[in-house]
Protein chains: 2
Amino acid sequence: MNASRLRADAAENRARIVEAARSVVSASGELKLNAVARRAGVGQGTLYRHFPTREDLLAEVYRHDVEELVAAAPLLLAEHDPVTALARWFDRVADYARVKREVFAAVEVGVWQDLSTGSVGPIGDAITALLDAGRAAGVVRPDVDARDVILLLGCLTRLDDAEWDTRARHLLHVVLDGLRLREG
Amino acid sequence: MNASRLRADAAENRARIVEAARSVVSASGELKLNAVARRAGVGQGTLYRHFPTREDLLAEVYRHDVEELVAAAPLLLAEHDPVTALARWFDRVADYARVKREVFAAVEVGVWQDLSTGSVGPIGDAITALLDAGRAAGVVRPDVDARDVILLLGCLTRLDDAEWDTRARHLLHVVLDGLRLREG
DNA sequence: ACCTGAACACCGTTCAAGT
DNA sequence: ACCTGAACACCGTTCAAGT
(Lines give C-alpha, C1' and ligand atoms only; values in the text may rest on other atoms or scores of the structure.)
Protein backbone atom coordinates (compact mmCIF):
# COMPACT_ATOMS: atom_id res chain seq x y z
CA MET A 1 0.00 0.00 0.00
CA ASN A 2 2.97 2.32 0.41
CA ALA A 3 6.09 1.05 -1.38
CA SER A 4 4.38 0.67 -4.73
CA ARG A 5 3.37 4.31 -4.82
CA LEU A 6 6.91 5.53 -4.22
CA ARG A 7 9.44 6.38 -6.86
CA ALA A 8 12.01 3.63 -7.19
CA ASP A 9 14.86 5.59 -5.59
CA ALA A 10 12.59 6.76 -2.77
CA ALA A 11 11.48 3.22 -2.01
CA GLU A 12 15.07 2.05 -1.87
CA ASN A 13 16.09 4.93 0.38
CA ARG A 14 13.22 4.17 2.70
CA ALA A 15 14.22 0.53 2.95
CA ARG A 16 17.86 1.46 3.59
CA ILE A 17 16.84 3.86 6.33
CA VAL A 18 14.84 1.20 8.14
CA GLU A 19 17.66 -1.29 7.74
CA ALA A 20 20.20 1.23 9.04
CA ALA A 21 17.93 2.08 11.97
CA ARG A 22 17.78 -1.59 12.92
CA SER A 23 21.57 -1.86 12.91
CA VAL A 24 22.05 1.32 14.88
CA VAL A 25 19.52 0.47 17.52
CA SER A 26 20.71 -3.08 17.99
CA ALA A 27 24.34 -2.00 18.16
CA SER A 28 24.04 0.96 20.49
CA GLY A 29 20.67 0.46 22.13
CA GLU A 30 19.61 3.93 21.12
CA LEU A 31 18.38 5.58 17.95
CA LYS A 32 20.47 8.52 16.80
CA LEU A 33 18.88 9.96 13.72
CA ASN A 34 21.98 11.46 12.16
CA ALA A 35 23.75 8.15 12.66
CA VAL A 36 20.92 6.38 10.87
CA ALA A 37 21.07 8.78 7.93
CA ARG A 38 24.84 8.44 7.70
CA ARG A 39 24.71 4.67 7.82
CA ALA A 40 21.91 4.56 5.28
CA GLY A 41 23.90 6.85 2.99
CA VAL A 42 21.14 9.44 2.69
CA GLY A 43 20.82 13.07 3.67
CA GLN A 44 19.15 13.93 6.95
CA GLY A 45 16.31 15.57 5.08
CA THR A 46 15.53 12.28 3.36
CA LEU A 47 15.12 10.60 6.71
CA TYR A 48 12.68 13.28 7.82
CA ARG A 49 10.80 13.05 4.56
CA HIS A 50 10.12 9.37 5.08
CA PHE A 51 9.71 9.43 8.85
CA PRO A 52 8.57 12.80 10.16
CA THR A 53 8.96 11.77 13.79
CA ARG A 54 11.30 9.38 15.52
CA GLU A 55 8.21 7.42 16.60
CA ASP A 56 7.27 6.83 12.98
CA LEU A 57 10.68 5.31 12.41
CA LEU A 58 10.59 3.21 15.55
CA ALA A 59 7.14 1.94 14.68
CA GLU A 60 8.41 0.77 11.30
CA VAL A 61 11.56 -0.79 12.76
CA TYR A 62 9.54 -2.90 15.16
CA ARG A 63 6.43 -3.40 13.08
CA HIS A 64 6.96 -7.13 12.70
CA ASP A 65 7.68 -7.65 16.37
CA VAL A 66 4.58 -5.74 17.35
CA GLU A 67 2.49 -7.68 14.86
CA GLU A 68 3.77 -10.97 16.24
CA LEU A 69 2.96 -9.93 19.78
CA VAL A 70 -0.51 -8.89 18.72
CA ALA A 71 -1.10 -12.13 16.85
CA ALA A 72 0.09 -14.22 19.79
CA ALA A 73 -2.67 -13.10 22.13
CA PRO A 74 -5.61 -14.95 20.55
CA LEU A 75 -3.46 -18.04 19.94
CA LEU A 76 -2.45 -18.22 23.58
CA LEU A 77 -6.03 -17.68 24.69
CA ALA A 78 -7.17 -20.57 22.51
CA GLU A 79 -4.70 -22.96 24.10
CA HIS A 80 -4.51 -21.92 27.73
CA ASP A 81 -6.57 -20.64 30.60
CA PRO A 82 -6.60 -16.84 30.77
CA VAL A 83 -3.98 -16.44 33.50
CA THR A 84 -1.57 -18.80 31.78
CA ALA A 85 -2.18 -17.02 28.48
CA LEU A 86 -1.36 -13.70 30.12
CA ALA A 87 1.75 -15.17 31.73
CA ARG A 88 2.97 -16.60 28.43
CA TRP A 89 2.29 -13.36 26.65
CA PHE A 90 4.30 -11.51 29.27
CA ASP A 91 7.13 -13.95 28.69
CA ARG A 92 7.11 -13.10 25.01
CA VAL A 93 7.24 -9.43 25.79
CA ALA A 94 10.25 -10.10 27.98
CA ASP A 95 11.91 -12.09 25.20
CA TYR A 96 11.54 -9.25 22.75
CA ALA A 97 12.57 -6.65 25.25
CA ARG A 98 15.80 -8.31 26.28
CA VAL A 99 17.41 -8.22 22.87
CA LYS A 100 16.00 -4.90 21.81
CA ARG A 101 15.14 -2.79 24.75
CA GLU A 102 13.81 -0.13 22.45
CA VAL A 103 10.92 -2.37 21.55
CA PHE A 104 9.08 -0.85 24.46
CA ALA A 105 9.08 2.49 22.78
CA ALA A 106 7.49 0.81 19.80
CA VAL A 107 4.97 -0.96 21.98
CA GLU A 108 3.99 2.33 23.52
CA VAL A 109 3.78 3.89 20.10
CA GLY A 110 1.67 0.99 18.95
CA VAL A 111 -0.67 1.47 21.84
CA TRP A 112 -1.00 5.21 21.88
CA GLN A 113 -0.43 6.41 18.37
CA ASP A 114 -4.13 7.01 17.85
CA LEU A 115 -4.88 8.02 21.38
CA SER A 116 -6.64 11.09 20.05
CA THR A 117 -9.20 8.93 18.28
CA GLY A 118 -9.97 7.04 21.46
CA SER A 119 -8.55 3.80 20.13
CA VAL A 120 -5.84 2.06 22.11
CA GLY A 121 -4.09 0.62 19.08
CA PRO A 122 -3.33 -2.99 18.18
CA ILE A 123 -1.19 -3.83 21.20
CA GLY A 124 -3.79 -2.32 23.45
CA ASP A 125 -6.42 -4.48 21.78
CA ALA A 126 -4.33 -7.59 22.34
CA ILE A 127 -3.93 -6.81 26.03
CA THR A 128 -7.59 -5.96 26.35
CA ALA A 129 -8.49 -9.35 24.90
CA LEU A 130 -6.27 -11.10 27.44
CA LEU A 131 -7.70 -9.10 30.32
CA ASP A 132 -11.28 -9.58 29.17
CA ALA A 133 -10.85 -13.34 29.05
CA GLY A 134 -9.46 -13.30 32.56
CA ARG A 135 -12.24 -11.11 33.81
CA ALA A 136 -14.89 -13.34 32.25
CA ALA A 137 -13.32 -16.30 34.01
CA GLY A 138 -13.21 -14.40 37.27
CA VAL A 139 -9.44 -14.64 37.63
CA VAL A 140 -8.38 -11.12 36.67
CA ARG A 141 -9.36 -8.03 38.64
CA PRO A 142 -11.99 -6.00 36.85
CA ASP A 143 -10.44 -2.61 37.52
CA VAL A 144 -7.36 -2.79 35.31
CA ASP A 145 -7.09 -1.88 31.65
CA ALA A 146 -4.52 -2.17 28.88
CA ARG A 147 -2.89 1.14 29.74
CA ASP A 148 -2.23 -0.08 33.29
CA VAL A 149 -0.55 -3.19 31.95
CA ILE A 150 1.64 -1.25 29.53
CA LEU A 151 2.78 1.04 32.31
CA LEU A 152 3.62 -1.87 34.58
CA LEU A 153 5.49 -3.72 31.85
CA GLY A 154 7.50 -0.55 31.34
CA CYS A 155 9.50 -1.31 34.46
CA LEU A 156 11.54 -3.76 32.40
CA THR A 157 13.01 -0.78 30.57
CA ARG A 158 14.96 0.27 33.63
CA LEU A 159 16.68 -3.05 34.17
CA ASP A 160 20.44 -3.15 33.70
CA ASP A 161 21.68 -5.82 31.35
CA ALA A 162 23.47 -7.48 34.25
CA GLU A 163 20.29 -7.97 36.25
CA TRP A 164 17.99 -8.87 33.40
CA ASP A 165 18.25 -12.63 33.80
CA THR A 166 17.64 -12.61 37.52
CA ARG A 167 14.86 -10.05 37.61
CA ALA A 168 12.87 -9.73 34.39
CA ARG A 169 10.63 -12.75 34.63
CA HIS A 170 10.41 -12.39 38.35
CA LEU A 171 9.09 -8.85 38.01
CA LEU A 172 6.52 -10.02 35.49
CA HIS A 173 5.36 -12.66 37.95
CA VAL A 174 4.82 -10.01 40.58
CA VAL A 175 2.91 -7.85 38.11
CA LEU A 176 0.81 -10.81 37.05
CA ASP A 177 -0.04 -11.53 40.66
CA GLY A 178 -1.12 -7.95 41.06
CA LEU A 179 -3.46 -8.28 38.09
CA ARG A 180 -5.09 -11.44 39.38
CA LEU A 181 -8.24 -11.30 41.41
CA ARG A 182 -7.64 -12.16 45.04
CA GLU A 183 -10.02 -14.83 46.11
CA GLY A 184 -12.06 -13.99 49.19
CA MET B 1 30.00 18.85 57.49
CA ASN B 2 30.49 20.45 54.09
CA ALA B 3 29.45 24.11 54.03
CA SER B 4 31.73 25.12 56.89
CA ARG B 5 34.82 23.91 55.07
CA LEU B 6 34.04 25.92 51.95
CA ARG B 7 35.21 29.41 51.25
CA ALA B 8 32.37 31.89 51.79
CA ASP B 9 31.84 32.67 48.10
CA ALA B 10 31.95 28.98 47.24
CA ALA B 11 29.35 28.14 49.85
CA GLU B 12 27.06 30.83 48.55
CA ASN B 13 27.50 29.71 44.96
CA ARG B 14 26.71 26.18 45.95
CA ALA B 15 23.52 27.23 47.68
CA ARG B 16 22.48 29.36 44.72
CA ILE B 17 23.06 26.46 42.34
CA VAL B 18 20.84 24.14 44.36
CA GLU B 19 18.18 26.82 44.62
CA ALA B 20 18.32 27.47 40.88
CA ALA B 21 18.15 23.75 40.18
CA ARG B 22 14.99 23.49 42.25
CA SER B 23 13.36 26.33 40.29
CA VAL B 24 14.39 24.94 36.96
CA VAL B 25 13.23 21.43 37.66
CA SER B 26 9.91 22.47 39.13
CA ALA B 27 9.24 24.88 36.28
CA SER B 28 10.21 22.69 33.35
CA GLY B 29 10.17 19.19 34.80
CA GLU B 30 13.70 18.61 33.58
CA LEU B 31 17.16 19.58 34.69
CA LYS B 32 19.17 21.48 32.10
CA LEU B 33 22.56 22.17 33.54
CA ASN B 34 23.39 25.29 31.55
CA ALA B 35 20.01 26.72 32.51
CA VAL B 36 20.79 26.06 36.16
CA ALA B 37 24.15 27.80 35.90
CA ARG B 38 22.62 30.77 34.12
CA ARG B 39 19.82 31.13 36.64
CA ALA B 40 22.26 30.76 39.53
CA GLY B 41 24.48 33.41 37.98
CA VAL B 42 27.60 31.25 37.96
CA GLY B 43 29.82 29.87 35.24
CA GLN B 44 29.21 26.34 34.04
CA GLY B 45 32.55 25.29 35.46
CA THR B 46 31.41 26.31 38.92
CA LEU B 47 28.44 24.02 38.66
CA TYR B 48 30.69 21.13 37.71
CA ARG B 49 33.10 21.94 40.50
CA HIS B 50 30.35 21.59 43.10
CA PHE B 51 28.43 18.79 41.46
CA PRO B 52 30.60 16.61 39.23
CA THR B 53 27.63 14.62 37.91
CA ARG B 54 24.01 15.50 37.35
CA GLU B 55 23.11 12.80 39.87
CA ASP B 56 25.08 14.60 42.56
CA LEU B 57 23.01 17.70 41.93
CA LEU B 58 19.72 15.81 41.84
CA ALA B 59 20.58 14.05 45.07
CA GLU B 60 21.17 17.39 46.77
CA VAL B 61 18.02 18.93 45.31
CA TYR B 62 15.87 16.15 46.70
CA ARG B 63 17.86 15.31 49.81
CA HIS B 64 15.14 16.47 52.16
CA ASP B 65 12.40 14.64 50.30
CA VAL B 66 14.40 11.45 50.31
CA GLU B 67 15.18 11.83 53.99
CA GLU B 68 11.52 12.31 54.79
CA LEU B 69 10.58 9.21 52.83
CA VAL B 70 13.25 7.21 54.63
CA ALA B 71 12.15 8.49 58.02
CA ALA B 72 8.51 7.69 57.31
CA ALA B 73 9.05 3.94 56.99
CA PRO B 74 9.71 3.11 60.67
CA LEU B 75 7.00 5.51 61.80
CA LEU B 76 4.42 3.84 59.60
CA LEU B 77 5.53 0.41 60.71
CA ALA B 78 5.09 1.43 64.34
CA GLU B 79 1.51 2.49 63.79
CA HIS B 80 0.16 0.08 61.22
CA ASP B 81 0.24 -3.52 60.16
CA PRO B 82 2.93 -4.17 57.53
CA VAL B 83 0.67 -4.14 54.48
CA THR B 84 -0.99 -0.91 55.53
CA ALA B 85 2.41 0.61 56.26
CA LEU B 86 3.60 -0.33 52.81
CA ALA B 87 0.43 1.06 51.26
CA ARG B 88 0.78 4.36 53.11
CA TRP B 89 4.43 4.59 52.17
CA PHE B 90 3.52 4.07 48.54
CA ASP B 91 0.98 6.86 48.86
CA ARG B 92 3.71 9.18 50.07
CA VAL B 93 5.90 8.25 47.16
CA ALA B 94 3.01 9.09 44.85
CA ASP B 95 2.51 12.43 46.59
CA TYR B 96 6.13 13.40 46.08
CA ALA B 97 6.21 12.13 42.55
CA ARG B 98 3.18 14.04 41.33
CA VAL B 99 4.55 17.48 42.05
CA LYS B 100 8.11 16.72 41.14
CA ARG B 101 8.35 13.85 38.77
CA GLU B 102 12.13 14.07 38.88
CA VAL B 103 12.08 12.83 42.45
CA PHE B 104 12.23 9.35 41.05
CA ALA B 105 15.62 10.00 39.62
CA ALA B 106 16.70 11.05 43.08
CA VAL B 107 15.13 7.99 44.63
CA GLU B 108 17.01 5.80 42.24
CA VAL B 109 20.18 7.69 42.98
CA GLY B 110 19.50 7.33 46.67
CA VAL B 111 19.12 3.62 46.28
CA TRP B 112 21.97 2.84 43.99
CA GLN B 113 24.59 5.44 44.54
CA ASP B 114 26.81 3.04 46.47
CA LEU B 115 25.84 -0.02 44.50
CA SER B 116 29.51 -0.82 44.11
CA THR B 117 29.90 -1.23 47.85
CA GLY B 118 27.00 -3.66 47.99
CA SER B 119 24.84 -1.30 49.99
CA VAL B 120 21.40 -0.41 48.66
CA GLY B 121 21.38 3.08 50.11
CA PRO B 122 18.96 4.74 52.51
CA ILE B 123 15.81 4.39 50.40
CA GLY B 124 16.64 0.77 49.79
CA ASP B 125 17.00 0.27 53.51
CA ALA B 126 13.61 1.84 54.14
CA ILE B 127 11.95 -0.42 51.62
CA THR B 128 13.76 -3.45 52.96
CA ALA B 129 12.46 -2.67 56.44
CA LEU B 130 8.89 -2.51 55.13
CA LEU B 131 9.27 -5.74 53.20
CA ASP B 132 10.92 -7.54 56.11
CA ALA B 133 8.09 -6.64 58.43
CA GLY B 134 5.59 -7.96 55.93
CA ARG B 135 7.56 -11.15 55.43
CA ALA B 136 7.81 -11.72 59.17
CA ALA B 137 4.05 -11.35 59.42
CA GLY B 138 3.57 -13.70 56.50
CA VAL B 139 1.75 -11.14 54.37
CA VAL B 140 4.47 -10.21 51.88
CA ARG B 141 5.96 -12.66 49.41
CA PRO B 142 9.46 -13.66 50.41
CA ASP B 143 11.00 -13.44 46.94
CA VAL B 144 10.93 -9.67 46.39
CA ASP B 145 13.56 -7.15 47.39
CA ALA B 146 13.94 -3.39 47.48
CA ARG B 147 15.23 -3.24 43.93
CA ASP B 148 12.08 -4.96 42.65
CA VAL B 149 9.94 -2.41 44.43
CA ILE B 150 11.90 0.55 43.07
CA LEU B 151 11.55 -0.80 39.55
CA LEU B 152 7.82 -1.29 39.92
CA LEU B 153 7.30 2.15 41.41
CA GLY B 154 9.13 3.53 38.41
CA CYS B 155 6.05 3.00 36.27
CA LEU B 156 4.66 6.21 37.75
CA THR B 157 7.30 8.09 35.81
CA ARG B 158 5.59 7.34 32.54
CA LEU B 159 2.22 8.69 33.51
CA ASP B 160 1.00 11.76 31.68
CA ASP B 161 -0.11 14.60 33.88
CA ALA B 162 -3.65 14.20 32.59
CA GLU B 163 -3.93 10.59 33.75
CA TRP B 164 -2.10 10.97 37.03
CA ASP B 165 -5.17 11.40 39.20
CA THR B 166 -7.02 8.46 37.74
CA ARG B 167 -4.14 6.01 37.56
CA ALA B 168 -1.34 6.66 40.02
CA ARG B 169 -2.83 5.28 43.20
CA HIS B 170 -4.58 2.58 41.29
CA LEU B 171 -1.30 1.36 39.83
CA LEU B 172 0.26 1.33 43.27
CA HIS B 173 -2.63 -0.80 44.51
CA VAL B 174 -1.98 -3.32 41.79
CA VAL B 175 1.72 -3.36 42.61
CA LEU B 176 0.97 -3.77 46.30
CA ASP B 177 -1.29 -6.71 45.52
CA GLY B 178 1.52 -8.26 43.54
CA LEU B 179 3.85 -7.93 46.51
CA ARG B 180 1.43 -9.57 48.92
CA LEU B 181 1.58 -13.26 49.64
CA ARG B 182 -1.31 -15.14 48.10
CA GLU B 183 -2.97 -17.26 50.71
CA GLY B 184 -3.36 -20.87 49.77
C1' DA C 1 41.07 27.60 46.07
C1' DC C 2 37.77 29.01 43.36
C1' DC C 3 35.48 31.26 39.38
C1' DT C 4 34.45 32.65 34.45
C1' DG C 5 33.01 31.96 29.93
C1' DA C 6 34.76 30.82 25.43
C1' DA C 7 35.02 26.72 23.03
C1' DC C 8 34.23 22.05 21.54
C1' DA C 9 31.46 17.89 20.77
C1' DC C 10 27.21 16.10 19.81
C1' DC C 11 22.52 15.55 18.32
C1' DG C 12 18.05 17.02 16.30
C1' DT C 13 15.83 19.64 12.80
C1' DT C 14 15.21 22.80 8.90
C1' DC C 15 15.65 24.54 4.36
C1' DA C 16 17.73 26.49 0.11
C1' DA C 17 19.60 24.52 -3.71
C1' DG C 18 19.83 20.92 -6.66
C1' DT C 19 18.23 16.62 -9.87
C1' DA D 1 8.81 14.33 -6.50
C1' DC D 2 12.64 13.56 -4.22
C1' DC D 3 17.38 14.22 -2.49
C1' DT D 4 21.55 16.56 -0.42
C1' DG D 5 24.16 18.61 3.04
C1' DA D 6 25.20 23.07 4.99
C1' DA D 7 23.47 25.45 8.73
C1' DC D 8 21.18 26.50 13.00
C1' DA D 9 19.63 25.58 17.71
C1' DC D 10 20.46 23.36 21.79
C1' DC D 11 22.71 21.00 25.49
C1' DG D 12 26.59 18.88 28.03
C1' DT D 13 31.30 19.22 29.25
C1' DT D 14 36.08 20.94 29.38
C1' DC D 15 39.79 24.03 30.16
C1' DA D 16 42.86 28.12 29.73
C1' DA D 17 42.84 32.30 31.84
C1' DG D 18 41.81 34.92 35.57
C1' DT D 19 41.13 36.46 40.95
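Values below: all heavy atoms of this structure, side chains included; hydrogens, waters and symmetry mates excluded. Keep in mind that this is a model prediction, so the values were computed, not measured. Protein chains get the first letters and strands the later ones, always in sequence-line order, with residue 1 at the start of each.
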- Item | A:Phe51 CZ - C:dG12 P separation (whole Å) | 16 Å
- Measure from CD1 on A:Ile17 to P on D:dC2 and round the result to the nearest Å. 12 Å
- Item | Atom-pair distance (CZ on A:Arg38; P on D:dT4), nearest Å | 15 Å
- Among residues two or more places apart or on two chains, list those pairs meeting salt bridge (charged side-chain N to carboxylate O under 4.0 Å, His left out) that have a residue in residues 134-145 of chain A. A:Asp132-A:Arg135, A:Arg141-A:Asp143, A:Arg141-B:Asp177, A:Asp145-B:Arg167
- Message: I want to check one thing: is the phosphate of D:dA1, taken as OP1 and OP2, less than 4.0 Å away from some side-chain N or O of A:Arg7?
- Response: no
- Message: Can you tell me which nucleotide in D:dT13, D:dC3, D:dA7 comes closest to the side chain of B:Gln44?
- Response: D:dT13
- Message: Whether the A:Thr53 and A:Asp56 side chains hold a donor-acceptor pair (N or O, under 3.5 Å, no angle test) is what I'd like checked.
- Response: yes
- Task: Can you tell me the distance, in whole Å, between the CZ atom of B:Arg5 and the C1' atom of C:dC2?
- Result: 16 Å
- Item | Watson-Crick or G-U wobble mate for D:dA9, both contacts under 3.5 Å | none
- Query: So does B:His173 have more than 12 non-hydrogen atoms from other groups sitting under 6.0 Å from NE2?
  - Reply: no
- Query: Looking at B:His50, does any N or O in its side chain come under 4.0 Å of the phosphate oxygens OP1/OP2 on C:dC3?
  - Reply: yes
- Message: In this structure, how many angstroms lie between the P atom of C:dC10 and the NZ atom of A:Lys32, rounded?
- Response: 9 Å
- Once you round it to whole Å, what is the distance between C1' of C:dC2 and CZ of B:Arg16? 15 Å
- Are any of the side-chain nitrogens in A:Arg16 or A:Glu19 under 4.0 Å away from the carboxylate oxygens of its partner? no
- Item | Salt-bridge present (A:Arg92, A:Glu68; N to O < 4.0 Å) | no
- Task: Write down the partner of C:dC3 under the Watson-Crick or G-U wobble criteria, each distance required to be under 3.5 Å.
- Result: none
- Task: Select one nucleotide: of C:dG12, D:dT13, C:dC3, the one nearest the side-chain heavy atoms of B:Tyr48.
- Result: D:dT13
- Query: Within the structure, does a side-chain N or O atom of A:Arg54 lie under 4.0 Å from either OP1 or OP2 of C:dG12?
  - Reply: yes
- Item | Spacing of A:Leu33 atom CG relative to C:dT14 atom P, expressed in whole Å | 11 Å
- Which of the following nucleotides, C:dT4, D:dA7, D:dG12, is nearest to the side chain of B:Val42? C:dT4
- Residue met sooner reading DNA chain C from 5', once A:Ala35 and B:Asn13 are mapped to nucleotides: B:Asn13
- Against the side chain of B:Arg49, the closest entry in C:dC2, D:dC11, C:dG12 is C:dC2
- Item | A:Leu47 CG - C:dG12 P separation (whole Å) | 10 Å
- Task: Among the candidates C:dC11, D:dT14, D:dG12, find the nucleotide nearest to the side-chain atoms of A:Asn34.
- Result: C:dC11
